[in-house]
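Structure first, then comments.
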Amino acid sequence: MNPVAIIGAGITGLTAAFCLKRKGIPVTVYEAAARPGGVIQSVRKDGFLAESGPNTILETSPKISQLIGDLNLEGRRLYSSPDAEARFVVRGKRPMAMPGSPLGIFTSRLLSAKAKLALLREPFVPPRRDGGEESVADFVERRLNREILERLVDALVAGIYAGDPYNLSLQHALPKLARLEQKYGSLIKGQIRGARERRESGDVAKDRAPKFSFDEGLQVLPDTLAARLGKDVKLNAAVTYLAPTGPDWRVTTAAGHSEHSAVIYCGTAWRLAELQLSARASTDLSSFSAIRYAPVASVVLGFPRGDVAHPCRGFGMLIPKIEGFSILGTIFSSALFPNRAPASHVLLTSYIGGERSPGLASLPADELELLTCRDLGRLLGVKGDPVFRHTAVYPRAIPQYNVGYGKFKHLMNEIESKLHGLFFAGHFRDGVSLGDSILSGCNVAERLEGFLK
Ligand SMILES: Cc1cc2nc3c(=O)[nH]c(=O)nc-3n(C[C@H](O)[C@H](O)[C@H](O)COP(=O)(O)OP(=O)(O)OC[C@H]3O[C@@H](n4cnc5c(N)ncnc54)[C@H](O)[C@@H]3O)c2cc1C
C-alpha cells in the first residue's frame with residue numbers, strides 16, 4: 001500500500017499522521033516551511049519564553065489528553081496556575097474582573113442594570129427557527145442587547161477570532177450558542193441542561209476546560225510529533241499539484257512526484273486555493289481564496305516587576321472596540337506558567353490588528369511595540385522601556401467564519417464525495433482552536449481508516 005500523503009505539518013497534519021501511523025497505516029507529511037508546527041512558535045531568549053502564536057491548549061476532550069499520554073508528554077505538560085483563572089475585561093479604561101460564576105455577573109459593575117435585565121429576560125425570547133445563518137452581532141442583539149454585544153461579545157470574539165461580530169457567522173463561529181438556542185430555546189436554559197450531556201460524553205465546556213502548555217512552550221508538541229514521525233515528515237516540501245491516478249493519487253513537489261493511497265489536506269485555505277488539480281479531477285479549488293484570514297501581530301514584552309503597577313494575576317484582559325485602544329487584549333504570560341520570565345519580571349503577550357484594525361498589524365515592529373507600551377501604560381500602569389521584546393506578524397492568522405461560511409463547508413463535503421481519497425481537515429474546517437485542530441486530526445484519521453477499509 002502506498003503511504004497516505006498529508007499536506008501540512010501544523011498541529012492538524014501532525015496529529016492525523018501520528019494517529020494513522022499508530023494504526024499501522026504508512027504516511028508521508030509534506031510541509032512547505034523549514035520547521036513543523038505551522039502557526040505554533042515558541043522562542044526562548046534572554047531568560048524569557050515567548051509564544052508568537054498560540055499560548056494555551058484547552059483540554060476539552062479526552063482525546064486531547066490521550067494524545068499527550070501517547071506521546072509520553074505528561075511529565076512536560078504544565079497546567080496553568082490556579083491563580084491565573086481570573087479574566088479581565090476593560091470598561092472605562094480599566095481592567096475589571098469577570099465574575100467567576102454566572103450569578104456573579106449580577107453583582108459586578110461590568111454591565112449596567114439594563115444589560116442585567118436583558119440577561120434575565122433571555123429565557124423568554126422566542127428562538128429563531130428559519131435555519132439560516134445569522135451574524136453573531138444580530139444574534140446577541142436579538143436575544144440580549146447591544147451593550148452585551150459591545151462590552152462582552154465584541155471583546156470575546158476579538159480574543160478568539162481577532163474577528164468582527166457583525167461579520168462572523170453565529171452558526172459557524174460560535175456553533176455551541178446556535179445549538180443551545182435550537183435545542184433548548186435559550187442560552188441560559190441550555191447552559192444549565194447541557195451540563196448533564198457533557199458529563200456523560202466526557203467533554204468539558206471551553207470556559208471550564210483546563211488550560212495547558214509545556215515546559216518549553218507549545219512548540220514541544222509539534223516537535224515531539226515530528227520526532228516520532230521521523231523521516232516521514234518532509235520539510236521544505238510545498239505540494240503544488242495533485243492528480244487522481246485511478247485508485248491512487250500523485251502528489252507533486254519541487255523534488256518530484258510520489259504515489260499515495262489517499263491525500264489529507266491540512267494546510268491553510270489560501271494555499272488550498274493555489275493548489276492545482278489535474279484536469280481529470282475537473283475541480284477548481286480557487287474559490288477557497290475567498291476565505292478571509294484576519295491579520296494579527298503578537299507583541300511579547302518583558303518588564304521588571306516593579307515597572308508594572310497592576311498585579312497581573314490572572315489569564316489576561318480583553319478589550320472591546322468601544323474602549324478605543326490599539327491592542328485587542330493581553331495575556332499575562334508569566335502568571336500562567338512558571339519559567340516564562342526571569343525572577344522579578346513580568347511577561348505580557350498582546351495582540352494588535354485583527355478585523356478591528358487590520359492595517360495596524362503590518363506596522364514595523366518598533367511602532368507595534370510603541371503602541372503596545374502606550375496601551376499597557378494606560379491599562380496596567382506599565383512604565384519604562386521593556387527589557388525583552390519579541391514581535392511576530394501573521395498577515396493571515398485566523399480564518400474568519402463569516403456569514404456565508406456554510407458554502408465553503410458544503411464545497412469541501414462535495415469535493416470529498418466526488419474525489420475519492422481526498423480529505424480536508426484543520427482550522428478552516430473544524431474550528432480555529434488548537435483543541436479543535438487536534439480533534440480534527442484525530443477524526444480525519446478515523447475517516448481515512450474507514451475509507452481504506
Ligand atoms: C497569533 C495566534 C494566536 C493563537 N492563539 C491560540 C491559543 O492561544 N489557543 C488556541 O487554542 N488556538 C490559538 N490559535 C489558533 C491555533 O493556533 C490554530 O488554529 C492551529 O494551530 C491551526 O493548526 P493547523 O495545523 O490547522 O494549521 P497551521 O498551523 O496553519 O498549519 C498548516 C501548515 O500547512 C502548511 N502548508 C500549507 N499549504 C501547504 C502545501 N501546499 N504544501 C505543504 N505544506 C503546506 C503550512 O506551511 C503550515 O505549516 C492562535 C492562532 C494564531 C495565529
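Whatever order the structure lists them in is the order used to number ligands and atoms, beginning at 1.
- Any N or O atom pair closer than 3.5 Å counts here, and Tyr394 shares no such pair with ligand 1.
- If you check which protein heavy atom lies closest to atom 42 (N) of ligand 1, you get Val239 N, 3.0 Å.
- Among all non-hydrogen protein atoms, the one lying nearest atom 29 (O) of ligand 1 is Val39 N, 3.0 Å.
- Less than 4.0 angstrom separates some heavy atom of Ala237 from each of these atoms of ligand 1: 43 (C).
- For ligand 1, the atoms sitting less than 4.0 Å from at least one non-hydrogen atom of Thr56 are 7 (C), 8 (O), 9 (N), 10 (C), 11 (O), numbered in the order shown with element in parentheses.
- Any N or O atom pair closer than 3.5 Å counts here, and Thr12 shares at least one such pair with ligand 1.
- Numbered from 1 in the order shown, with element, the atoms of ligand 1 that lie under 4.0 Å from a heavy atom of Thr268 read 30 (O), 37 (C).
- Atoms of ligand 1 lying under 4.0 Å from any heavy atom of Ile7, numbered from 1 in the order shown and given with element: 39 (C), 40 (C), 41 (N), 42 (N), 43 (C).
- Each of the atoms 43 (C), 44 (N) of ligand 1 lies under 4.0 Å from some heavy atom of Tyr30.
- For ligand 1, the atoms sitting less than 4.0 Å from at least one non-hydrogen atom of Gly38 are 29 (O), 31 (O), 48 (C), 49 (O), numbered in the order shown with element in parentheses.
- The protein heavy-atom contact nearest to atom 15 (C) of ligand 1 is Val432 O, 3.0 Å.
- Considering backbone and side-chain N/O of Ile398, none are found under 3.5 Å from N/O of ligand 1.
- Counting heavy atoms closer than 4.0 Å to ligand 1, residue Cys266 contributes backbone atoms (N, CA, C, O) but none from C-beta onward.
- Nearest non-hydrogen protein atom to atom 34 (O) of ligand 1 is Gly8 CA, 3.2 Å.
- Here the heavy atom of the protein found nearest to atom 11 (O) of ligand 1 is Leu434 N, 2.7 Å.
- Near Ala238, meaning under 4.0 Å from any of its heavy atoms, are these atoms of ligand 1: 42 (N), 43 (C).
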Next item on the list: List the steps, then state whether side-chain hydrogen bond (donor to acceptor under 3.5 Å, both in side chains) holds for Ser433 with Asp436.
Entry: CA-CA 5 Å; Ser433 76; Asp436 293 333; 3.0 Å; yes
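- At the shortest separation from atom 8 (O) of ligand 1 among protein heavy atoms lies Asn55 N, 3.0 Å.
- What sits closest to atom 33 (C) of ligand 1 on the protein, heavy atoms only, is Glu31 OE1, 3.6 Å.
- Scanning the protein heavy atoms around atom 14 (N) of ligand 1, the nearest turns out to be Pro54 CB, 3.9 Å.
- In this pair, Phe424 and Phe288 present their aromatic rings tilted. The plane angle is within the 30 to 60° band.
- Atoms of ligand 1 found under 4.0 Å from any heavy atom of Tyr265 (numbered from 1 in listed order, with element): 37 (C), 38 (N).
- Checked against the 6.0 Å centroid threshold, Trp270 and Tyr293 count as a close aromatic pair.
- Summarising the contacts of atom 43 (C) of ligand 1 with Ala32, Gly53, Gly10, Ala16, the nearest heavy atom is found in Ala32.
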